[in-house]
Enquirer: 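Sharing a structure, written as structure tokens. Questions coming.
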Amino acid sequence: MSDQLYLETELQKTIVINSLLDLGIYKKGNKHLYELTLIELEEHYDVKRHM
């Protein structure tokens with residue numbers, strides 16, 4: 001993965017994690033948010049946002 005793509009992915013992860021934290025969500029199951037992939041974070045956010 002190129003450095004630029006890695007940085008963009010990490011930035012997007014940070015944005016989604018912050019959005020989940022704003023909703024009061026700190027974990028998914030027994031995993032902390034920072035342990036999840038970007039795809040897992042986005043899926044979790046979509047589910048929680050539509051509840």
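Owing to the predicted nature of the structure, the values given are computational and were not obtained by experimental measurement. Counting from 1, the numbers follow the sequence of the chain as shown.
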Enquirer: Nearest 0.5 Å, what's the NZ-CG distance between Lys13 and Leu11?
Expert: 12.0 Å

Enquirer: State whether the number of non-hydrogen atoms from other residues, nucleotides or ligands found under 6.0 Å of Ile39 atom CD1 is greater than 12.
Expert: no

Enquirer: Got a second to check how far Glu43's CD is from Thr37's OG1, nearest 0.5 Å?
Expert: 7.5 Å

Enquirer: Please list, one pair per line, the donor and acceptor atoms closer than 3.5 Å that link side chains of residues 18-35 to other protein atoms, with sequence neighbours excluded.
Expert:
unit_1	atom_1	unit_2	atom_2	d
Asn18	ND2	Thr14	O	3.3
Ser19	OG	Ile15	O	3.0
Glu35	OE1	His32	N	2.7

Enquirer: Please identify each residue that fulfils side-chain hydrogen bond (donor to acceptor under 3.5 Å, both in side chains) with Glu8, with sequence neighbours left out.
Expert: Gln4

